Amino acid sequence: MLDLRFVRENIDLLKKKLTLRGDDLDLNSFIQVDQERRDLIQNVEALRSQRNQVSDEISKIKQKGDAAEDLVAQMREVSQEIKKLEIDLKEKEEKLQSFLLVIPNIPHESVPVGKNEVDNKEVRKCGQLPAFSFEPKPHWDIGEALGILDFKRGAKLAGARFTLYKDLGARLERALINFMLDLHINEHGYQEVLPPFMVNRDVMTGTGQLPKFEEDLFKIEGLDYFLIPTAEVPVTNIHRDETLSEQDLPLYYCAYTPCFRKEAGSYGKDTRGIIRQHQFNKVELVKFCVPETSYAELEGLLRDAEEVLRRLDIHYRVVALCTGDLGFAASKTYDIEVWLPGQGEFKEISSCSIYETFQARRAGIRLRREGKKGTELVHTLNGSGLAVGRTLVAVLENYQQEDGSVVVPKALRPYMGGIEKIERKR
RNA sequence: GGAGGGAUGGCCGAGCGGCUUAAGGCGGCGGUCUUGAAAACCGCUUCUCCCGAAAGGAGACGGGGGUUCGAAUCCCUCUCCCUCCGCCA
């Protein structure tokens, strides 16, 4: 959410910035409602001021034992009038609020201008492009042949976009989770948290999933609970409605959670394999910091996420999303895309974003400075470190052997009980 | 699921219809004193919105609604916490 006063005073700038995103909100009606609201406030408050004053007089008259019937009657009418105006005012405020809640964040000036993913800018490529002496297979063939991914039974249990992991497949997923958690917690200074996997509406609104993207979420029937689409939601909201002190910042959190997404509107996309599932595992990194360090913190967060692939020795690239591809709440985003030889393309495996004060304003996460009056809003950031299912895909496809087996990357072997290779069971 | 008790400022804690401008304490900040510190004493300690050059005004005692000229205080409702009983991993 943007600051109301900022929107009011920078309406032209805002229009320009939203055009970069490919968004065209009608900001004229916003200006009108805002003006109506302020007029109403002035009327209501003048009446309230009058009522407060006269009520005091009534009190004094009554203490003397005199009657104040005419004043009481007069104020009865004033109160009625106030009530009427308050109803009006509330309506305007709700209108204005729902307006503010659907205005996306403003892209940072370092974000490349562009229409869609084609205009994203490659920042760097890392690691070696693997060479194969045979035709590399996609992970669904590898996984099925090894008996570690069972798509048929996954679909039987829950439907399309669900998969049953078996044997060393399940073990590999668990190994990846633990490997990532240990790396970020022991070496990158993050605090481990394990949050609820479902949250209420306020929390979903705090990080920006609601009200705009309700159709992407799984909702618990009969209750106002939603399954989280990412750990970003519960973890960022840990400090909802709190004022943090400057010395506590920056805060680094790391959480493993499953994530649940409806994937509405992606019919026919990534239908094979485990690239796009309704339920997938993710290790998430979340940071809270002061505004002046936040862009440096974004670079650090990105490096922390990249380190997972460096340790696994898998080829990847980093791209900066362009203005047209940027998510609703983000001011800037880097995607990490991993090389998948079975499909001959790079695939998103992490998204690292800074939200500046956009989420903090919605969620009420403030900051108090030593010796300074008042509060300001913190900056929030998050990034996948990494999407676990897609990392498993990358391991299978990059470490596959001609005989159909998959070598376990060295960094994962301690987490796999020393197993060096996943082979077909006889 | 049943029966009770709670929710007040950074924290503890009074207040139960109008001198509440939210007492008092703790913590924090500033000052006096001191070589320095402690103690003592004095003062200051929230956020949001509106208007404005300044002054000013309005709102917030868990959330929402109601009664009243006037609500932290009375009524309704929701949420959360605590105690006891039942059920349960």
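Since we're looking at a predicted model, the values are computed, not measured. Note on naming: letters A, B, ... go to the chains in the order of the sequence lines (proteins, then strands), and numbering restarts at 1 for each one. The figures here come from the full heavy-atom set of this structure, side chains too, leaving out hydrogens, waters and symmetry mates.
We find that CD1 of A:Ile41 is positioned 6 Å from C1' of B:rC50, with the value rounded to whole Å. Nucleotide B:rC69 holds its P atom 11 Å from the CZ atom of A:Arg51, rounded to whole Å. When rounded to the nearest whole Å, the span between CD of A:Glu86 and C1' of B:rA58 equals 11 Å. Protein atom CG of A:Leu244 is 14 Å distant from nucleotide atom P of B:rG10, rounded to whole Å. The interatomic distance linking A:Arg240 (CZ) with B:rU79 (C1') rounds to 14 Å, in whole Å. If you measure from atom CD of A:Gln53 to atom C1' of B:rG56, you get 12 Å, rounded to the nearest angstrom. Residue A:Glu57 contributes atom CD, which lies 15 Å from atom P of B:rC19 at whole-angstrom precision. Nucleotide B:rG52 holds its C1' atom 14 Å from the CD atom of A:Glu45, rounded to whole Å.
The pair A:Arg38-A:Asp34 meets the salt-bridge criterion, with a side-chain N (NZ, NE, NH1 or NH2) lying under 4.0 Å from an Asp/Glu carboxylate O.
Within the 4.5 Å cutoff, the side chain of A:Gln279 has no heavy atoms near those of the A:Thr163 side chain. Counting heavy atoms from C-beta outward, A:Val338 and A:Arg390 have side chains that stay 4.5 Å or more apart.
In terms of phosphate contacts, A:Arg38 brings no side-chain nitrogen or oxygen within less than 4.0 Å of OP1 or OP2 of B:rC49. Put simply, A:Arg368 has no side-chain N or O that comes within less than 4.0 Å of OP1 or OP2 on B:rU46. Side-chain nitrogen and oxygen atoms of A:Arg76 include none within less than 4.0 Å of the OP1 or OP2 phosphate oxygen of B:rG70. Under 4.0 angstrom from either OP1 or OP2 of B:rG65 there lies no side-chain N or O belonging to A:Lys83. For B:rA58, one of the phosphate oxygens OP1 or OP2 lies less than 4.0 angstrom from a side-chain nitrogen or oxygen of A:Asn52. The phosphate of B:rG65 has OP1 or OP2 within less than 4.0 Å of a side-chain N or O from A:Lys90. Note on A:Arg48: every side-chain N or O is 4.0 Å or more away from OP1 and OP2 of B:rA60. Side-chain N/O atoms of A:Arg366 include none lying less than 4.0 angstrom from OP1 or OP2 on B:rC47. Between A:Ser79 and B:rG70 there is a side-chain N or O to OP1 or OP2 distance below 4.0 Å.
Comparing B:rC69, B:rA58, B:rC50 by their nearest atom to the side chain of A:Leu4 picks out B:rC50. Considering only side-chain atoms of A:Thr375, the nucleotide from B:rC69, B:rC51, B:rC47 that sits closest is B:rC47.
At a threshold of 4.0 angstrom between heavy atoms, the contacts of A:Lys62 include nucleobase atoms, whether or not backbone atoms are also involved. The residue A:Asp56 sits apart from the nucleic acid: no heavy atom pair falls under 4.0 Å. If you check every strand for non-hydrogen atoms under 4.0 Å, A:Arg8 touches sugar and phosphate atoms only. At the heavy-atom level, A:Leu71 lies nowhere under 4.0 Å from the strands shown.
Contact between A:Ser266 and A:Arg276 at its shortest, heavy atoms only, is OG-CD, 3.6 Å. When every heavy atom of A:Ala305 is checked against every heavy atom of A:Ser384, the shortest pair comes out as CB-O, 3.5 Å. The two atoms that bring A:Asp23 and A:Pro104 nearest to each other are OD2-CG, 3.6 Å, heavy atoms only. In plain terms, the two heavy atoms of A:Pro211 and A:Val102 that are nearest each other are CG-CG1, 4.3 Å. Closest approach of A:Leu381 to A:Tyr355, counting heavy atoms only: CA-CD1, 4.2 Å.
The gap from the P atom of B:rU8 to that of B:rG64 amounts to 16 Å, rounded to the nearest Å. Between the P atoms of B:rG70 and B:rC78, the separation comes to 26 Å (whole Å). Using C1' as the reference atom, B:rG18 and B:rG28 are 34 Å apart when rounded to the nearest Å. One C1' atom belongs to B:rA72, the other to B:rA23, and the distance between them is 13 Å to the nearest Å. Annotation: B:rU79 and B:rC87 have their C1' atoms spaced 24 Å apart (nearest Å). Rounded to whole Å, the separation between the P atoms of B:rG25 and B:rG43 comes to 11 Å. The same atom, P, is picked in B:rA14 and in B:rC69; the two are 33 Å apart, to the nearest Å. Comparing B:rG24 with B:rG9, their C1' atoms are spaced 14 Å from each other, to the whole Å.
Residues passing the ring-ring contact (aromatic ring centres under 6.0 Å, His included) test with A:Phe99, sequence neighbours excluded: A:Phe30.
When the nearest nucleotides of RNA chain B are assigned to A:Val72 and A:Glu93 by heavy-atom distance, the more 5′-ward of the two goes with A:Glu93.
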message: Between A:Asp270 and A:Arg161, does the salt bridge (charged side-chain N to carboxylate O under 4.0 Å, His left out) criterion hold? Intermediate values first, please.
response: CA-CA 9 Å; A:Asp270 303 314; A:Arg161 297 204 191 282; over 6 Å; no
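For RNA chain B, runs of at least 3 consecutive pairs of the Watson-Crick or G-U wobble type, with both hydrogen-bonding distances under 3.5 angstrom, map to B:1-7 with B:79-85, B:10-12 with B:24-26, B:27-32 with B:40-45, B:46-50 with B:56-60, B:62-66 with B:74-78.
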